[in-house]
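When reading the values below, keep in mind they use all heavy atoms of this one structure, side chains included, and skip hydrogens, waters and symmetry mates. Numbers restart at 1 for each chain; the letters A, B, ... are given by sequence-line order, proteins then strands.
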Protein chains: 2
Amino acid sequence: MTIDILNEERSNLRADARRNRDRILQIAIQHFASHGIGASLEDIARAAGVGAGTLYRHFPSREALLAAALQDQQAQLLARSKQACAIANADAALQAWLEALQDYLRTFNGLPAPVLAAVKERASPLALSCETLVSITSDFLARAQNEGHARTSVTANELFLSALGIAWVLDRIDAYGTTRQALEDVFAHGYLDLSPKPPKQ
Amino acid sequence: MTIDILNEERSNLRADARRNRDRILQIAIQHFASHGIGASLEDIARAAGVGAGTLYRHFPSREALLAAALQDQQAQLLARSKQACAIANADAALQAWLEALQDYLRTFNGLPAPVLAAVKERASPLALSCETLVSITSDFLARAQNEGHARTSVTANELFLSALGIAWVLDRIDAYGTTRQALEDVFAHGYLDLSPKPPKQ
DNA sequence: CAGAAAACGGAGGCATTTTCCATTTCTCTT
DNA sequence: AAGAGAAATGGAAAATGCCTCCGTTTTCTG
């Protein structure tokens with residue numbers, strides 16, 4: 001149920017290795033934040049004062065580095081999921097969770113892409129956390145289907161994937177109109193409204 | 001109203017230039033189809049039997065080449081929009097159009113990304129066709145809002161962006177469950193269903 | 001057919017990822 | 001406290017891909 005992949009605690013790294021690892025991670029977070037997830041790994045290595053080889057030994061792939069850089073945000077996301085659990089109204093709880101998820105996906109520019117990739121690639125360092133996210137989504141969805149108004153034909157996977165899709169669009173469109181709220185609205189209610197009696201015809 | 005950017009007809013290209021341009025384009029379509037929009041431009045040039053310089057002279061950027069490679073599909077898309085226009089039911093017409101749009105966006109793997117980029121970048125070679133697509137979407141949406149059941153709070157832009165988001169997800173998830181139909185369903189109806197009386201509470 | 005203009009192509013500059021290994025640094029034992 | 005061996009380092013280099021530049025070749029025109 002935990003989202004952590006590697007706790008910092010007791011690890012048998014040599015002192016210099018640990019120092020370098022931490023340094024790289026800290027710099028990576030800064031670079032991902034300012035240049036998006038595509039930030040140059042060479043730049044990160046240089047800024048951290050280590051050789052490229054060192055970076056790669058600690059984080060064999062961009063995704064591995066990304067996964068490590070996301071741990072704090074993931075912890076925050078988990079905290080928000082706990083808060084959302086406490087919301088009495090099931091629909092509101094689901095909505096709160098989806099909003100938290102959107103915020104998380106905004107941590108770094110371009111994050112939705114590797115997260116989506118991780119959904120299907122078991123091997124990805126982000127995969128574990130992805131499964132957790134889908135599973136949490138599933139919990140909120142199930143509750144909203146039972147107690148609230150969530151459509152019963154929707155699955156947690158679809159919900160999660162849709163959230164990714166929206167996050168991806170918003171990631172790249174930004175201030176294009178009043179888009180964020182609007183898109184989340186389409187997401188929630190669809191573009192068709194079959195509820196009241198047809199306005200015409 | 002046309003989607004064409006450069007008609008093949010009378011162009012004052014020298015014979016060898018036209019030959020090369022056509023050749024490059026033909027090969028590019030094949031490569032984009034098999035390797036996605038990220039296909040190596042060097043490979044395309046080599047396969048077309050021309051130097052990299054020649055490719056770049058004819059198509060200054062990947063997007064320009066992509067735009068040219070998409071012309072046939074765009075023509076097909078326009079044709080489908082005409083067909084959809086003929087559908088009596090406004091909702092069904094909108095749905096048919098959105099489906100055609102999805103198919104178009106599946107032409108090459110990864111297409112949604114440059115299309116989304118083109119939505120905001122006036123300069124992009126894909127921008128013109130993008131505007132056309134949004135405008136067509138707008139027509140179908142307006143009709144479905146008047147005659148059918150499309151929610152009046154939704155705009156064509158939001159609809160188009162949502163379609164891009166879905167296409168992007170499906171592009172990378174492919175056979176992940178029964179996803180396609182399901183996602184389009186969430187898109188159409190949302191994940192909440194407020195229509196009938198609340199099932200509980 | 002010859003000269004001018006147009007087009008060609010591929011070498012080379014640049015950026016980036018990733019590997020490899022000779023050297024350096026740490027740690028643990030004695 | 002010293003030194004052997006394991007661990008970690010860093011940066012050179014290979015691989016890939018984008019894109020430009022310019023000496024050479026092809027086409028067109030009169």
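Taking 4.5 Å as the limit, some side-chain heavy atom of B:L126 sits within range of a side-chain heavy atom of B:L70.
The CD1 atom of A:I44 lies 10.0 Å from the CZ atom of A:F59; values are rounded to the nearest 0.5 Å. Atom-to-atom distance recorded for B:H35:NE2 and B:N109:CG is 11.0 Å, nearest 0.5 angstrom.
Atom P of nucleotide C:dA6 and atom CZ of B:R18 are separated by 17 Å, given to the nearest angstrom. For B:L55 and C:dC8, the CG to P distance is 11 Å, given to the nearest whole Å. In this structure, B:N12 atom CG and C:dA5 atom P are separated by 17 Å, rounded to whole Å. The distance from atom CZ of A:F59 to atom C1' of C:dT18 is 16 Å, rounded to the nearest whole Å. At whole-Å resolution of the value, CD in A:E42 and P in C:dA15 are 10 Å apart. Between the CZ atom of B:R46 and the C1' atom of C:dG10 there is a distance of 11 Å, rounded to whole Å. Atoms CG (B:L41) and P (C:dG9) sit 16 Å apart, rounded to a whole Å.
Classified by interplanar angle (parallel below 30°, tilted 30° to 60°, perpendicular above 60°), the ring pair B:F108/B:F32 is tilted.
If you check every strand for non-hydrogen atoms under 4.0 Å, B:G38 touches nothing. Among the protein residues, B:D43 comes within range of no part of the nucleic acid, since none of its heavy atoms lies under 4.0 Å from any strand.
Under 4.0 Å is where a charged nitrogen must lie from a carboxylate oxygen, and between A:R18 and A:D22 at least one such pair does. Using a 4.0 Å cut-off between a side-chain N of Lys or Arg and a carboxylate O of Asp or Glu, B:D103 and B:R180 qualify as a salt bridge.
With no hydrogens or angles considered, no side-chain donor-acceptor pair links A:H149 and B:D193 at under 3.5 Å.
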Under a 4.0 Å heavy-atom criterion, the protein footprint on nucleotides 20-30 of chain C, written with B, S and -, is B----BSS---

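Test B:F140, B:F160, B:Y104 against B:W97 for ring-ring contact (aromatic ring centres under 6.0 Å, His included) and you get one pass: B:F140. Here the options are A:L94, A:L98, A:I136, A:T152, the test is side-chain contact (heavy atoms from CB on, under 4.5 Å), and the partner is A:L141; only A:L94 passes.
Residue whose closest nucleotide on DNA chain C sits further toward the 5' end, between A:R62 and B:V50: B:V50.
Interface limits on DNA chain D: the 5'-most and 3'-most nucleotides within less than 4.0 Å of chain B heavy atoms are D:dC18 to D:dC28.
For C:dC8, the OP1/OP2 oxygens have a side-chain nitrogen or oxygen of B:H58 closer than 4.0 Å.
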